[in-house]
Amino acid sequence: MTPPDDERSHTLRHSQQDAIVAAHDPSTPQTRSPSYRLAFSDTEFLLREELRPVRLQLELLKPEMIMDERGVTSTVVMFGGARIPAPEHAARARTPTLAALSSYYTEAERFAALITRRSIATKGREWVICTGGGPGVMEAGNKGAYEAGGQSIGLGIVLPHEQAPNLYVTPELAFNFHYFAIRKMHFLMRARAITIFPGGFGTLDEMFEALTLIQTGRMKPVPFLLFGTEFWNRIIDWQALAEAGTISPEDLGLFTFVETAEEAIEAIDAFEEL
């Protein structure tokens with residue numbers, strides 16, 4: 001853990017000190033000029049096209065440093081649809097299928113609660129629930145962790161139609177991203193298990209990227225659980241991919257279908273024992 005600035009031995013002035021002093025400089029044509037602003041305090045400068053590599057680095061560093069400071073060493077990732085309603089709101093779902101999928105909101109909440117009890121036993125360092133921070137399955141995951149008395153992570157992203165993080169994300173672990181790629185890295189960097197609930201384009205994107213990383217050896221195998229056998233077999237013909245030769249038959253063993261929170265826990269435990 002990195003010690004706070006006031007506990008370090010510095011011979012040079014802190015950047016925070018100079019930022020405070022600069023904010024109170026006399027107002028003159030020179031000090032009002034954009035060129036005079038401290039580079040690290042100049043939002044207009046940081047948002048320039050040429051600074052994209054710096055912004056990418058900042059988005060990688062900020063959540064990494066905060067999670068390190070809070071002692072988070074491993075996570076359980078929960079991907080799933082933002083449109084899946086809680087059972088009590090199923091009657092308002094856009095389609096009958098979405099209404100029926102509300103059962104997975106319940107399973108997501110129950111699964112997160114079971115995992116969080118394990119996390120609490122590690123003082124919140126391991127098995128920390130990590131979602132995209134939004135509604136639907138994400139809300140269910142954070143809610144389950146919250147009601148179990150533990151912390152959980154929400155990795156949000158700025159979208160034109162998106163709202164604030166759901167109210168169950170631990171505030172100190174609520175993050176907001178501009179870059180999808182960096183957000184995906186944070187989903188997987190600490191992942192001890194990955195769960196995929198029914199969802200749309202975003203869920204499919206996250207699922208296939210993670211499967212590709214494991215398939216190609218860019219990521220260590222972890223328990224990879226798909227909730228909803230009927231749903232996944234209906235929208236993806238897995239066997240056809242293997243028969244066509246576009247994936248290897250053994251690639252079908254990279255993931256496991258489950259229906260309930262208890263089945264998911266059993267699959268994780270069986271994997272951990274290998």
Side-chain angles (χ1 to χ4, degrees), residues 1-77 116 119-133 142 145-146 149-159 162 164-165 168-192 213 218-220 222:
M1 185 181 298
T2 304
D5 283 345
D6 58 1
E7 293 182 11
R8 297 175 180 169
S9 176
H10 282 294
T11 56
L12 300 177
R13 282 175 63 85
H14 294 198
S15 56
Q16 287 183 337
Q17 290 177 295
D18 278 354
I20 293 170
V21 171
H24 294 87
D25 281 347
S27 179
T28 68
Q30 292 75 25
T31 62
R32 292 193 296 270
S33 171
S35 65
Y36 187 75
R37 298 173 192 153
L38 289 167
F40 55 79
S41 300
D42 189 346
T43 303
E44 185 177 337
F45 172 68
L46 289 173
L47 293 178
R48 287 179 55 160
E49 182 72 16
E50 300 91 336
L51 271 291
R52 178 176 290 140
V54 175
R55 294 195 299 273
L56 283 162
Q57 185 178 22
L58 289 173
E59 283 212 344
L60 182 64
L61 278 172
K62 181 179 178 180
E64 178 77 359
M65 292 170 66
I66 290 174
M67 282 191 263
D68 282 347
E69 288 166 359
R70 288 187 67 90
V72 176
T73 59
S74 72
T75 61
V76 175
V77 177
T116 299
S119 180
I120 291 171
T122 71
K123 301 189 184 323
R125 297 179 61 85
E126 299 184 45
W127 303 101
V128 181
I129 291 295
C130 179
T131 81
N142 296 120
Y146 175 83
Q151 65 179 359
S152 68
I153 300 164
L155 304 181
I157 191 159
V158 179
L159 298 173
E162 198 64 56
Y168 301 103
V169 177
T170 299
E172 295 81 8
L173 292 172
F175 302 101
N176 203 15
F177 289 84
H178 172 69
Y179 297 105
F180 266 105
I182 302 300
R183 178 176 179 253
K184 288 178 181 177
M185 286 185 66
H186 279 294
F187 271 124
L188 301 179
M189 286 166 63
R190 289 173 165 81
R192 188 166 179 171
L213 289 171
R218 302 295 299 177
M219 177 180 175
K220 292 189 299 184
V222 297

Residues in side chain to side chain donor-acceptor pair (under 3.5 Å) contact with Arg13, at least two apart in sequence or another chain: Asp18

Donor-acceptor contact below 3.5 Å, side chain Ser119 vs main chain Glu126: yes

Heavy-atom pair with the smallest gap, counting every atom of Leu38 and Ala22: CD1-CB, 3.8 Å

Side chain to side chain contact (heavy atoms under 4.5 Å, CB included) partners of Glu44, counting only residues at least two apart: Arg37, Asp42

Short side-chain to backbone donor-acceptor contact, Thr170 and Ser152, under 3.5 Å: yes

Cut-off 3.5 Å, no hydrogens considered: what does the side-chain donor-acceptor table look like for residues 50-61, sequence neighbours left out?
residue, atom, partner, partner atom, Å
Glu50, OE1, Arg48, NE, 3.4
Glu50, OE2, Arg48, NH2, 3.3
Arg52, NH1, Glu49, OE2, 3.1
Arg52, NH2, Glu49, OE2, 3.1
Arg55, NE, Tyr179, OH, 3.3
Arg55, NH1, Leu46, O, 2.8
Arg55, NH1, Arg48, O, 2.7
Glu59, OE1, His178, N, 3.3
Glu59, OE1, Tyr179, N, 3.1
Glu59, OE2, His178, N, 2.6

All pairs passing salt bridge (charged side-chain N to carboxylate O under 4.0 Å, His left out) where residues 23-33 contributes a residue, at least two apart: none

Pairing residues for Thr31 by the side chain to side chain donor-acceptor pair (under 3.5 Å) criterion, not counting sequence neighbours: Thr28

Smallest separation among heavy atoms of His14 and Gln17, with atom names: N-OE1, 2.9 Å

Set of residues satisfying ring pair (Phe, Tyr, Trp, His ring centres under 6.0 Å) with respect to Phe175, sequence neighbours excluded: none

Distance (rounded to the nearest 0.5 Å) between Met185 CE and Leu155 CG: 12.5 Å

Side chain to side chain contact (heavy atoms under 4.5 Å, CB included) partners of Ala191, counting only residues at least two apart: Thr75, Val77, Ile194, Met219

Contact summary for Val158 and Asn176, nearest pair of heavy atoms: CG2-ND2, 3.5 Å

Heavy-atom neighbours of Phe40 CZ exceed 12 at 6.0 Å: yes

Sequence neighbours excluded, every pair satisfying salt bridge (charged side-chain N to carboxylate O under 4.0 Å, His left out) that has a member inside residues 168-183: Arg183-Glu206

Spatial distance of atom NZ (Lys62) from atom CE (Met67) [nearest 0.5 Å]: 11.5 Å

His186 side-chain N/O to Ile182 backbone N/O, donor-acceptor pair under 3.5 Å: no

Ser74 (side chain) donor-acceptor with Trp127 (main chain) under 3.5 angstrom: yes

Identified side-chain contact (heavy atoms from CB on, under 4.5 Å) partner of Thr73 from the options Arg190, Arg192, Arg125: Arg125

